[in-house]
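FYI, side chains are in, hydrogens and waters are out, and symmetry mates aren't considered; it's all heavy atoms of this structure.
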Amino acid sequence: MLEIEICGVEFKNPVFLAAGVMGETGGALKRMAKNGAGAVCTKSLGLEKRSGHRNPTIVEVEGGFLNAMGLPNPGVKEYIRELEGIRDYLKKIDVKIIGSIYGRDPEEFSEVAEILEPYVDLLELNISCPHAGGGYGAQIGQDPDLSYKVVSSVRDRVEIPVMVKLTPNVRDIKEIAVAVVDGGADAITAINTLGPGMAIDIKTGRPILGNKFGGMSGKAIKPIALRCVYEIYSVVDVPIVGVGGITTGYDVVEFMMAGATAVQVGTGVYYRGYDIFYKICKELEEYLVENNVKIKDILGRAHEL
Amino acid sequence: MERPEICKIKEIVVETPTVKTFILDRKFLFRPGQFAMLWLPGVDEKPFGYSSDRSFTVAKVGRFTEAMHNLKEGDLIGVRGPYGTSFEPLGDRILGVAGGIGAVPVVTAVEEFSRKGFEVTTILGACTKEELLFVERFRRCGELILCTDDGTLGYHGFTTEMLERLLREDDKFDLIITCGPELMMKKVVEIGRRYNIPVQVSLERYMKCGIGLCGHCALDDEGLCVCKDGPVFWEDKLRYISEFGRYRRDGSGSKKLI
Ligand SMILES: Cc1cc2nc3c(=O)[nH]c(=O)nc-3n(C[C@H](O)[C@H](O)[C@H](O)COP(=O)(O)OP(=O)(O)OC[C@H]3O[C@@H](n4cnc5c(N)ncnc54)[C@H](O)[C@@H]3O)c2cc1C
Ligand SMILES: Cc1cc2nc3c(=O)[nH]c(=O)nc-3n(C[C@H](O)[C@H](O)[C@H](O)COP(=O)(O)O)c2cc1C
């Protein structure tokens with residue numbers, strides 16, 4: 001009942017693990033897979049190893065969290081060994097792997113994509129991290145031309161479906177969505193964290209995050225993520241994966257009505273535990289049964305006049 | 001709210017040439033073995049076990065701990081916690097095995113256990129006499145057996161050799177709790193299995209968020225997080241922690257052999 005398909009890849013359910021949460025090791029991904037995720041997404045991977053920003057890398061604020069992990073990862077060549085260790089098991093329990101990647105320019109993105117391709121079912125291009133700096137992340141995703149170039153370069157170099165993850169921190173997300181689809185994106189993930197924002201400790205007068213600024217995630221960003229999905233759906237035809245503040249099956253219904261075929265859950269893991277994937281799937285299924293509808297019936301429904 | 005709470009340092013105690021205790025101006029409710037993320041604004045934020053309901057005890061090993069050692073009374077630090085699992089008492093007779101800075105969670109545990117009426121024995125080890133930590137606190141809880149690698153005090157050798165000797169004479173312990181270098185703990189677990197005594201170990205891995213979200217301290221093969229599912233693990237869970245005693249990951253997630 002919850003099965004869906006995106007770019008020819010079939011998923012047993014539409015509730016995926018978002019990039020950067022419980023994705024640093026193969027074991028962590030395996031655990032989320034066992035907790036009912038339809039797909040798991042790796043930590044964003046780059047060509048070289050990176051330690052990320054200094055702690056604190058995360059701080060809670062009203063309605064969510066700010067994080068500035070700074071894209072820590074051991075480099076794609078070492079990380080693929082994490083995937084080698086879990087890939088047969090994930091295949092057995094029918095959980096797909098999304099490989100999230102970042103790079104400085106089209107060439108770097110493409111190199112990482114080629115190395116990772118044999119180990120994942122889909123790629124997700126992170127052109128949207130708001131706190132990476134140095135020409136990475138949102139510095140690409142806020143520029144339609146650069147976004148187009150990155151996507152088309154990767155699209156030319158790999159066979160598997162390419163999803164592109166967008167930042168909400170732009171004047172017009174529709175413009176970026178159109179640019180990445182023109183560049184060959186097979187699907188769009190929206191959104192990455194909002195902001196960046198900051199939190200200051202008033203006793204010491206110091207910014208709490210090591211990086212001072214961090215992207216906002218969690219419940220408070222849901223309305224913005226929903227609006228982004230709605231707008232993207234209105235201008236492109238590729239499938240959309242909604243992410244941002246999702247914690248319940250009812251949130252998923254809302255995202256589907258805005259136009260998302262599937263969703264990802266990140267910070268929700270903190271609010272409802274690692275088994276949040278089971279919980280959300282159960283609530284979604286209950287909704288569908290009670291209202292006697294299928295996923296395809298509610299997909300994009302909020303756009304009907 | 002998962003935010004650091006700012007505390008003032010009331011007193012600094014020099015415990016050993018490399019270890020200082022920072023006594024803070026407030027009391028914490030914690031269970032022995034739990035930890036907090038300590039924040040030095042502008043420096044970093046790292047995990048440390050509670051050494052009492054108002055203190056942390058820090059060994060100088062690198063950049064952050066060096067900055068801690070440079071603090072003075074009256075300085076401010078942020079405390080975010082308590083996090084993680086704790087040592088749990090079981091049976092009547094409990095044996096603690098502590099190596100080096102691993103004495104921190106073990107001393108808080110045996111203090112609580114002896115207060116609750118359990119019979120406590122501790123094997124405490126360090127590289128040399130001056131580095132033995134909390135000797136008086138351990139002694140007040142029950143029998144204390146000291147070991148030094150260089151033989152400057154107590155048994156000349158490792159805590160695990162002493163453990164073997166002790167159990168050969170008297171193996172009627174209901175539980176072993178241990179914290180120290182990972183290879184020491186691995187040995188303790190092997191010995192515990194041989195004598196059929198359950199063991200609880202306190203693990204260390206590179207931590208970032210401390211609340212089970214980022215997954216940096218997730219352990220192979222099942223993704224148990226040291227910050228949330230640990231740091232204290234029952235020995236039977238170690239079957240699902242294949243990296244125990246073999247490797248750990250650094251700040252980038254890259255594997256390093258132990
Ligand atoms: C649950 C737990 C409880 C701890 N309790 C104590 C304690 O009571 N007293 C004490 O002195 N030490 C304790 N530690 C170890 C302490 O966190 C490290 O010594 C400290 O982080 C080193 O930082 P540094 O910058 O001085 O050294 P670095 O040079 O950065 O590192 C020295 C070693 O410390 C480890 N380390 C560095 N950063 C981290 C990190 N963010 N998380 C975990 N390990 C790290 C690394 O493995 C490294 O090999 C504990 C660790 C954990 C995980
Ligand atoms: C701790 C943390 C780390 C993250 N790391 C990444 C990352 O490496 N790559 C990425 O594309 N998004 C990353 N994100 C963003 C999430 O994937 C997601 O887009 C965002 O958090 C909004 O969803 P949520 O409210 O469900 O968390 C991270 C989020 C958090 C909280």
Side-chain angles (χ1 to χ4, degrees), chain A residues 17 20-35 43 45 48-62 65 67 69-75 78-79 81-82 85-86 89 199 201-210 217 266-271 273-274, chain B residues 1-8 25 36-47 63-64 67 75-80 205-229 240-244 247-256:
Chain A
L17 174 70
V21 170
M22 285 298 281
E24 190 70 41
T25 74
L29 292 177
K30 178 176 170 188
R31 184 168 182 190
M32 297 303 98
K34 279 187 168 177
N35 274 290
K43 179 73 206 165
L45 306 170
E48 305 294 339
K49 106 184 208 172
R50 227 177 116 106
S51 297
H53 296 309
R54 286 222 164 91
N55 256 18
T57 44
I58 191 154
V59 61
E60 190 173 7
V61 293
E62 288 299 333
F65 284 86
N67 93 78
M69 304 306 298
L71 300 174
N73 78 102
E78 181 168 343
Y79 192 91
R81 280 183 256 144
E82 303 276 348
I86 60 167
Y89 179 77
D201 174 71
I202 60 169
K203 287 204 175 133
T204 57
R206 298 293 201 114
I208 296 177
L209 293 174
S217 67
T267 311
V269 162
Y270 173 81
Y271 296 117
Y274 296 130
Chain B
M1 277 275 168
E2 307 287 2
R3 268 175 184 251
E5 178 170 352
I6 302 301
C7 303
K8 188 179 271 180
D25 65 347
M37 300 298 291
L38 297 189
W39 177 44
L40 287 184
V43 184
D44 211 321
E45 187 201 40
K46 303 235 175 193
R63 179 178 169 274
F64 182 84
D75 285 347
L76 302 178
I77 64 168
V79 179
R80 182 162 69 88
R205 283 295 180 271
Y206 202 104
M207 282 182 190
K208 296 204 168 180
C209 75
I211 52 174
L213 196 54
C214 74
H216 203 94
C217 64
L219 298 157
D220 291 342
D221 291 333
E222 298 298 324
L224 293 169
C225 286
V226 175
C227 71
K228 206 167 164 71
D229 304 291
Y240 304 96
I241 304 178
S242 61
E243 66 177 70
F244 176 60
Y247 58 87
R248 54 192 295 157
R249 290 177 176 83
D250 67 11
S252 75
S254 178
K255 287 182 189 173
K256 298 275 166 285

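Separation of atoms CD1 (A/Ile58) and CZ (B/Arg3) is listed at 12.5 Å; rounding is to 0.5 Å. Between the SG atom of B/Cys7 and the NZ atom of A/Lys203 there is a distance of 7.5 Å, given to the nearest 0.5 Å. The distance from atom OG1 of A/Thr25 to atom CG of B/Asp221, rounded to the nearest 0.5 Å, is 9.5 Å. Atom-to-atom distance recorded for B/Leu40:CG and A/Thr204:OG1 is 11.0 Å, nearest 0.5 angstrom.
The environment of A/Arg206 atom CZ is sparse: at most 12 non-hydrogen atoms of other residues, nucleotides or ligands sit within 6.0 angstrom.
Looking at A/Lys30, only its side chain comes within 4.5 Å of chain B, counting heavy atoms on both sides. Proximity to chain B is absent for every atom of A/Tyr89, based on heavy atoms less than 4.5 angstrom apart. With a 4.5 Å cut-off on non-hydrogen atoms, B/Asp75 does not touch chain A at all. Using a 4.5 Å cut-off between heavy atoms, B/Cys217 makes no contact with chain A at all. Only the side chain of A/Lys34 comes within contact range of chain B, judged by heavy atoms closer than 4.5 Å.
The candidate from B/Cys214, B/Gly42, B/Ser242 with the greatest count of non-hydrogen atom pairs under 4.5 Å with chain A is B/Cys214. No other option in B/Val43, B/Asp220, B/Leu213 has as many heavy-atom pairs under 4.5 Å with chain A as B/Leu213. Counting heavy-atom pairs closer than 4.5 Å to chain B, the top-ranked of the candidates A/Asn73, A/Val269, A/Thr267, A/Thr57 is A/Asn73. For the options B/Met207, B/Arg63, B/Lys228, heavy-atom pairs under 4.5 Å to chain A are most numerous at B/Arg63. The choice from B/Leu76, B/Ile211, B/Leu219 that makes the most heavy-atom pairs within less than 4.5 Å of chain A is B/Ile211. Listed options A/Gly210, A/Ser51, A/Gly70, A/Gly20 were ranked by heavy-atom pairs under 4.5 angstrom with chain B; first place goes to A/Ser51. Highest contact tally toward chain B, considering only A/Gly266, A/Pro207, A/Pro74, A/Ala199, is held by A/Pro74 [criterion: heavy-atom pairs under 4.5 Å].
Residue A/Glu60 comes nearest to B/Glu2 through the heavy atom pair OE1-N, 2.7 Å, listed as atom of the first residue, atom of the second, then distance. Residues A/Glu24 and B/Gly253 come closest through the heavy atom pair OE2-CA, 3.8 Å. Looking at every heavy atom in both residues, A/Met22 comes nearest to B/Gly215 through SD-CA, 3.6 Å.
Remark: B/Arg249 engages A/Glu82 in a salt bridge, criterion side-chain N to carboxylate O under 4.0 Å.
A 4.5 Å side-chain heavy-atom check between B/Glu45 and A/Arg54 finds every atom pair outside the cut-off. For the pair B/Leu224/A/Arg31, a side-chain contact is recorded, criterion being any heavy-atom separation below 4.5 Å from C-beta on.
One N or O on the side chain of A/Tyr274 and one on the backbone of B/Gly212 form a donor-acceptor pair closer than 3.5 Å. Judged purely by atom type and a 3.5 angstrom limit, A/Asn55 has no side-chain atom pairing as donor or acceptor with the backbone of B/Asp44.
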